[in-house]
Amino acid sequence: MHHFHYREGELCAEEVPLRELAERHGTPLFVYSHATLVRHVRRYQSAFRTAGQGALIAFSVKANPNLAIVRALANEGAGADVVSLGELERALAAGVPAGRIVFAGVGKRPDELRRGLEVGILQFNVEVEGELDHLEAIAKELGRPAPIALRVNPDVTPQTHDYIRTGGKVNKFGIPWERARAVYARAVASPHLEPVGLACHIGSQILTLEPFRIALERIAGLVRELRADGLPVSRLDVGGGLGVRYRDEVPPSLEDYADTVVAALKGLGCELICEPGRVIMANAGILLTRVLYRKETEQKRFLIVDQGMNDLSRPALYGAYHEVIAVREGVGLMEADVVGPICETGDFLSRGGQVPDVAAGELLCAMSAGAYGRSMSSNYNTRARAGEVLVRGAEAFLVQEREELSDLWAREIVPGFLSEVAPPASTAAVGGDPESPAAPPASVD
Ligand code: LLP
């Protein structure tokens, strides 16, 4: 469900024509619908209430870290799942109360742990035993116990892209199942640690409920074992991972997901935290791009557009599908690849499918680009990262300016010894006189 629809012949974000946004802010441009993301977070919350147990929705900031997005979700009562100092500072800057922030991540540095403890976050999801040593030392020094949950690895491998599966024994994530009881007991024994419960996250873009059910039933079993050991468990973080529709997938509904989670954990009496990212943001955003050229070879037809794999890396990285539609309504389809300007064959937005039969200069839209779109973009090929616009009804707000080119090398430094040598006045090497004094000396050793 989203709010990108045709009105009077052109594609709009809520009530704002995308063409106007392209004219005002240029392309490529990420555009988000406020109504969509608010609807998703409210539905997530109400699905859990209806299933019989409310949950804190800690939005997974990595999916879309823009301050305005994180703030919009915080205004709905959401918290934040952060995985770095940068995300922690961002969540705080966006106005998320520290008491609604969960610090996850497999490789937290001591300075990151310290800052989390200083600002009083809700909990650290600990993934490796060494992290407990650091937390213990920092907590002792600061004189305040560190609230922790153990992220355990339930050894469940969902069907999804190999790169985004996290719950299997072979993955780097979580405390190994066999160690969980001993590690939890050790944490309880420490005066500087305050274990509150368990966390688990088995992967992303998961399209069936079965893996969630199996993983959470295992977690419920572990909670019972810990309690039988006399250890307190009061909170469970069930992670994120619910999939969305990019093409023709039929993901479980939020209501069925919430029912499954609540049923698997029934009778434990634990508080619940969820860490959704994609399901909140993917379909709340699109990437707007302009066709630069049409190109036909003997074998193929290409639409060369002005967004590249540096802007939306998912197709190149995971072979991910994003539907490509025209901003002008009623355009016919043709077989063509939609490719970017980057010097790699992997730089495609759509390959081998039917795409809009549009001319150079027209606008296209890559759907479902609101999660892991702008957040994974880079400056590859020295391209400025795109701007972002948040639409609410008939109003559009620029929430991220496009980068200036000069920003891209502002922190680069040419060492003095390189500056002492004046560059050659002419390009003598290209067909020039090799004896010319401007030519660099030939190296013989
Ligand atoms: N919690 C933890 C501990 C996670 O590692 C993740 C995602 C989430 C929550 C949120 O998962 P979601 O609800 O968004 O599935 N870049 C990839 C996705 C990477 C997901 C990483 N972890 C993509 O574009 O498909």
Side-chain angles (χ1 to χ4, degrees), residues 30 37 40-41 44 55-65 69-70 73 78-84 87 91 101-108 123-128 131 149-154 156 158-168 171-175 198-208 211-212 215 219 236-247 249 251-252 254 257-258 261 272-285 287 309 311-322 366 368-378:
F30 286 92
L37 62 95
H40 288 168
V41 72
Y44 214 103
L56 170 67
I57 309 302
F59 171 62
S60 197
V61 169
K62 63 177 87 63
N64 192 319
I69 300 293
V70 177
L73 295 168
D81 146 41
V82 302
V83 291
S84 67
E87 286 191 354
I101 297 178
V102 173
F103 202 153
V106 73
K108 307 180 196 76
Q123 69 183 44
F124 297 89
N125 289 353
V126 170
E127 297 214 26
V128 45
E131 197 181 328
L150 282 197
R151 174 172 174 185
V152 287
N153 184 324
V156 173
Q159 281 261 323
T160 186
H161 192 285
D162 189 34
Y163 291 1
I164 55 176
R165 266 186 218 141
T166 53
N171 300 123
K172 67 181 173 181
F173 300 97
I175 305 273
L198 301 174
C200 114
H201 172 79
I202 55 175
S204 194
Q205 183 59 7
I206 299 170
L207 292 164
T208 57
F212 292 112
I219 295 282
L236 294 175
D237 178 341
V238 301
L242 192 59
V244 303
R245 183 189 192 107
Y246 285 101
R247 190 198 315 245
E249 302 90 336
L254 289 176
Y257 170 75
V261 172
L272 280 190
I273 303 176
C274 302
E275 302 173 347
R278 190 189 311 266
V279 85
I280 304 288
M281 279 311 297
N283 290 317
L287 174 58
M309 64 192 272
D311 297 300
L312 183 61
S313 64
R314 303 192 68 257
L317 201 50
Y318 316 111
Y321 174 86
H322 287 267
S368 314
Y372 306 110
R374 181 60 164 74
S375 65
M376 292 177 71
S377 63
S378 76

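Atoms within a ligand are numbered from 1 in the order they appear, just like the ligands themselves.
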Close side-chain approach of Tyr372 and Lys62, heavy atoms under 4.5 Å: yes
- request: Using a 4.5 Å cut-off on heavy atoms from C-beta on, say whether the side chain of Arg151 contacts that of Val126.
  value: no
field: Within the 4.0 Å heavy-atom sphere of ligand 1, strictly under, residues
entry: Ser60, Lys62, Asp81, Arg151, Ile164, His201, Ser204, Gly240, Gly241, Glu275, Pro276, Gly277, Arg278, Arg314, Tyr318, Tyr372, Met376
- prompt: Are Gln205 and Glu249 side-chain neighbours, meaning at least one heavy-atom pair lies under 4.5 Å?
  reply: yes
query: Is any side-chain heavy atom of Met281 closer than 4.5 Å to a side-chain heavy atom of Phe59?
result: yes
- prompt: Looking only at heavy atoms, which two atoms of Val279 and His40 are closest? And how far apart?
  reply: O-ND1, 3.3 Å
- request: Can you label the angle between the Tyr318 ring and the His161 ring as parallel, tilted or perpendicular, going by 30° and 60°?
  value: perpendicular
